[in-house]
Each structure stands twice: as C-alpha cells, then as structure tokens.
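Working notes, structure below.
Fair warning: this is a prediction, and the values are worked out from it, not measured in the lab.
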Amino acid sequence: MAMSHITASNVPKIQVEGIQTVPPFTVTDPRQVRRVLAVKEPIRSAIFTGCFNIVLCYNKATEKDSGWVVAGWIKESLARALKEQPLLAGRLRRGEDGHGELEIVSNDSGVRLIEATISMSLKEFLVLEGRDKAETEAEFVFWKNIDEQNPQFSPLFYVQVTNFQCGGYSIGISCSILLADIVIMDKFLQTWAKFQNKMLSKNEGSNLPVFYLPHLKPLNLSLNGTFSSTPIDNFGQTMIFKISKENMILEEESSKKLALLCIEEAEQNFSAKMSLDELILLVKESTNVIKVENCKKNETVNCNLERQFISSCANLKEYAKMSELAFREGNEAISVSCWIGSVSDGFVMGIPSHGEATSEFNIIVTFPCEK
C-alpha cells in the first residue's frame, strides 16, 4: 500500500490524553539549592525560555509493548531516578521573599509526565526530511516557558510519551537550560533507563503497570487546550568542544576567553558568522552555583590556550551517547534527535567534567539556525 505524503504543514496534531506529576520517590532531605548567580542584573529573558530537548523513537519490543505500558512504568522508574537528582524535580525561585537572586531548590514539586497520541505511523514520521521533520519532532516534546514573574510555579523538566498508530512510540524529554548539565554530563538519563530496565525485567509477563492510562482515563476526555506547550520555534545549531585542563593555565575569566575562542571555531565550522553580537554565557562553577553573564563577541581574545588543544564532538546526540539509550533492554531507539530550543539570543555553556578519570572543561556553543 502506498504511503500518503505527509509534511509538517499537514501532519496530524498531537492529542494529549493524560498529565501526571512525578515527584522523587522519597522526600529530599536536606534540600539541595543551586544559585543562579547573575554577573549583571537584570537577567535576560532567554534564561527562562531556553530548553534542552531529546526525542527518541522506538518500535514495539513485544506484542504487549506500547507507549501506554512504557509511560506506566516511567511513573515509577523516573521517581526513583529523581531521588538521585532531585533538582530536576525542583523549581526556580527568587530568594529573600521574592526579591533576591534566583535559585533552584529541590522542593519535590515534581516533573510533568504527558501521555499523548498522534494519528500517523512511526514509519510516516521517519520518512519526513529537513525542516518538516524538525517541526514535527518539536510536537513530541512538551515545554512550557518558565514564568519570569512567578518562576516558583513552573516545572523545569518534562517527559512526553507519544503513541503512534502502528504501536510504536516516542519518548520526548525537555528540561531548562539551567539544568541541562545534569542530563548531559551527569548521565541522568542513563541512570533512569537502568531503573526502567530493572523494573521491566522483574515484571516481564506480569500485569500491567498501576499507572496504565487506558484503564484510568475517562472515555471522551480531551485535555487539549487546558495544558498547552510553548511552541519551540527557535531551533539552535550546536557544537561541543572538549578542552583538557592540563593544557591551559586557569586564570580569572578564563571561561569567557575559552567561550570566545570556541565561538570563532564554531563560526568557521558552520561557514557562517553569527548575526548576534552578544550571547548568554552559562558557567557551572560548582554543583551549587551556575553563573550567568553576557558574552560579547567583539571582546578581545587573549587566552593562553592554543587551538590544537581543542577537540570537538560532532553533535549533542553523540556527545551525550543518546543512541545507546534503551528504556527496555535490547530495544534501542531507531531515531534520536537532540537540540537546544528557544535560542534567539544564543547560548554558550561552560561545564566541567567531574570524575577521577577526566580533567576536561566542556564548552557548548549554540546559536540560532538561519530560517
């Protein structure tokens, strides 16, 4: 049977079927706090809109497998994984009774889990190309911009499981740019997938998960419009640089100098100059502090780091090893996409690698794709 021609302009819309909140498995005590230290006030609005996105598509692993089953087990496995990284289930707030500097606190408010359907097959989606595919993929992640005035009410992490007509499904993950380092560098997704696999191995062939939506959702209940996603229309192109600390002399503001040098390299790689004169620089100074400042392209680069000590990874997917991510053992994703969205201002992130076997400093440069 011939496949109908589907483009982003006529692709069926996502139908939201259920929304749940997933807190950590146990109460977080003591609370963790991450300060968002602004070098210059006020903090630009892009900090509240920038998000890291992942879409993983899977075929059915067994006859009984489906996105509904996967989402049901995710409710439990994600809660256990959040116990180890409770900041992802926290909220951004202003200290000193709402008038101080920003901070993320692990208050166990939880992440959002969205279950959805789309009236197209996984095969129809996979044959889409270029901008059509990118715009359709954006429907498979849910993101709501953080409320700039009342950030304490906005989730920082979302998971959306979308069921295709064929029985295949996608898992879409999005998180605030302020917490992207946990997902990228601290391997949170790999930890979460291990919990999911362990639970499935213990329950193979048993009853359906407790949180199996088709058994819980009232008939003819539509949630579309009551909980809508912010359109992700500013896609970014990203290049990642790994820099050995052994090959540089750390000095004051060295992270900004490294960022400027990497921006130049990224421009050469993409064969295009960034149209922006100023970007937002995020530097993870420690587990408890992320520094935010503006990075002007025209500042003089006087860094004692030679270009030969910079190595780059092709893209976010390879760098974060997303292709190896399987939420059911042996059933790896057949399609993986990673991107940083809402980057109208551009982002540069400086993230140190932690661990005994590495001494790298990572620079992630993202700037808007030209339309």
Side-chain angles (χ1 to χ4, degrees), residues 20-32 34 51-58 61 69-90 104 106-113 141 155-161 169-204 209 211 240 284 286-288 290 313 316-333 336-338 349 351-358 360 362 364:
Q20 301 182 63
T21 298
V22 184
F25 189 70
T26 58
V27 174
T28 303
D29 185 26
R31 302 290 192 194
Q32 295 182 13
R34 170 176 288 191
C51 56
F52 175 55
N53 305 280
I54 309 162
V55 173
L56 307 110
C57 295
Y58 297 91
V69 173
V70 170
W73 292 117
I74 280 177
K75 171 78 172 180
E76 298 187 47
S77 65
L78 181 56
R80 295 178 186 276
L82 288 170
K83 179 182 176 181
E84 299 190 10
Q85 292 287 4
L87 280 176
L88 292 171
I104 298 171
S106 60
N107 58 6
D108 296 344
S109 291
V111 308
R112 292 283 191 264
L113 172 61
V141 291
L156 305 177
F157 193 93
Y158 293 87
V159 178
Q160 176 178 313
V161 180
Y169 53 89
S170 69
I171 299 177
I173 299 158
S174 60
C175 77
S176 168
I177 198 73
L178 294 171
L179 290 173
D181 63 283
I182 293 177
V183 176
I184 299 172
M185 295 302 306
D186 295 347
K187 308 303 181 185
F188 170 78
L189 297 182
Q190 284 76 5
T191 300
W192 171 22
K194 288 179 181 178
F195 278 112
Q196 181 88 353
N197 278 300
K198 187 175 181 180
M199 294 180 65
L200 287 172
S201 65
K202 288 183 177 180
N203 293 277
E204 198 68 44
F211 300 98
I240 301 172
K284 183 182 178 183
S286 69
T287 303
N288 302 323
I290 184 166
C313 185
L316 278 169
K317 181 172 68 174
E318 293 179 12
Y319 184 70
K321 297 183 179 180
M322 295 300 168
S323 298
E324 303 171 8
L325 200 63
F327 285 88
R328 181 184 287 271
E329 190 172 356
N331 188 32
E332 295 186 352
V336 181
S337 294
C338 305
M349 299 177 64
I351 307 172
S353 295
H354 297 293
E356 297 178 0
T358 182
E360 292 177 341
N362 306 272
I364 302 175

Response to the item:
Here the gap from I290 atom CD1 to L179 atom CG, rounded to the nearest 0.5 Å, amounts to 8.0 Å

Practice prompt. Answer whether the closest heavy-atom distance between the side chains of Q20 and L78 falls below 4.5 Å.
Written response: no

Worksheet, complete the sentence: A79 and P23 have their tightest heavy-atom pair at CB-O, 3.4 Å

Discussion item. Are W192 and V159 packed together at the side-chain level, in the sense that at least one heavy-atom pair is separated by less than 4.5 angstrom?
Written reply: yes

Practice prompt. Mind listing the closest non-hydrogen atom pair of P30 and T28 along with its distance?
Written response: O-CG2, 3.5 Å

Worksheet item: How many angstroms lie between CG in L87 and CD1 in I104, if you round to the nearest 0.5 Å?
Response: 6.5 Å

Response to the item:
Here the pair of heavy atoms bringing N331 nearest to A326 is O-CB, 3.7 Å

Response to the item:
What one should report as the nearest heavy-atom pair of N107 and A89 is OD1-O, 3.9 Å

Fill in: Side-chain heavy atoms of L325 within contact of I171, under 4.5 Å
no

Practice prompt. May I ask you to check if R80 and F25 form a cation-pi contact, with NZ or CZ under 6.0 angstrom from the six-membered ring centre and within 45° of the axis?
Written response: yes

Worksheet item: Do the non-hydrogen side-chain atoms of V141 and Q160 ever get within less than 4.5 Å of each other?
Response: no

Worksheet item: Do L56 and I173 have side-chain heavy atoms sitting under 4.5 Å apart?
Response: yes

Practice prompt. Look up atom CG in L178 and atom CE in M349, then write down how far apart they are to the nearest 0.5 Å.
Written response: 8.0 Å

Item to complete: Drop me the distance from E84's CD to K187's NZ, to the nearest 0.5 angstrom.
Response: 15.5 Å

Practice prompt. Measure the spacing between OG of S174 and CZ of F52 and express it to the nearest 0.5 Å.
Written response: 10.5 Å

Worksheet item: Do N362 and I184 come within less than 4.5 Å of each other through their side chains, counting heavy atoms only?
Response: no

Worksheet entry | Heavy-atom closest contact (F157 atom, V183 atom, distance) | CE1-CG2, 4.0 Å

Fill in: Point-to-point distance, once rounded to the nearest 0.5 Å, from CD1 of I240 to CD1 of I351
8.5 Å

Worksheet entry | Heavy-atom pair of closest approach, residues R112 and T21 | NH1-OG1, 2.9 Å

Fill in: S77 versus Q196, side-chain donor and acceptor atoms under 3.5 Å
yes

Discussion item. If you count every heavy atom of other residues, nucleotides or ligands that lies below 6.0 Å from E329 atom CD, does the total exceed 12?
Written reply: no

Practice prompt. Take N288 and S286 through the side chain to side chain donor-acceptor pair (under 3.5 Å) test and state the conclusion after the steps.
Written response: CA-CA 5 Å; N288 302 323; S286 69; 5.0 Å; no

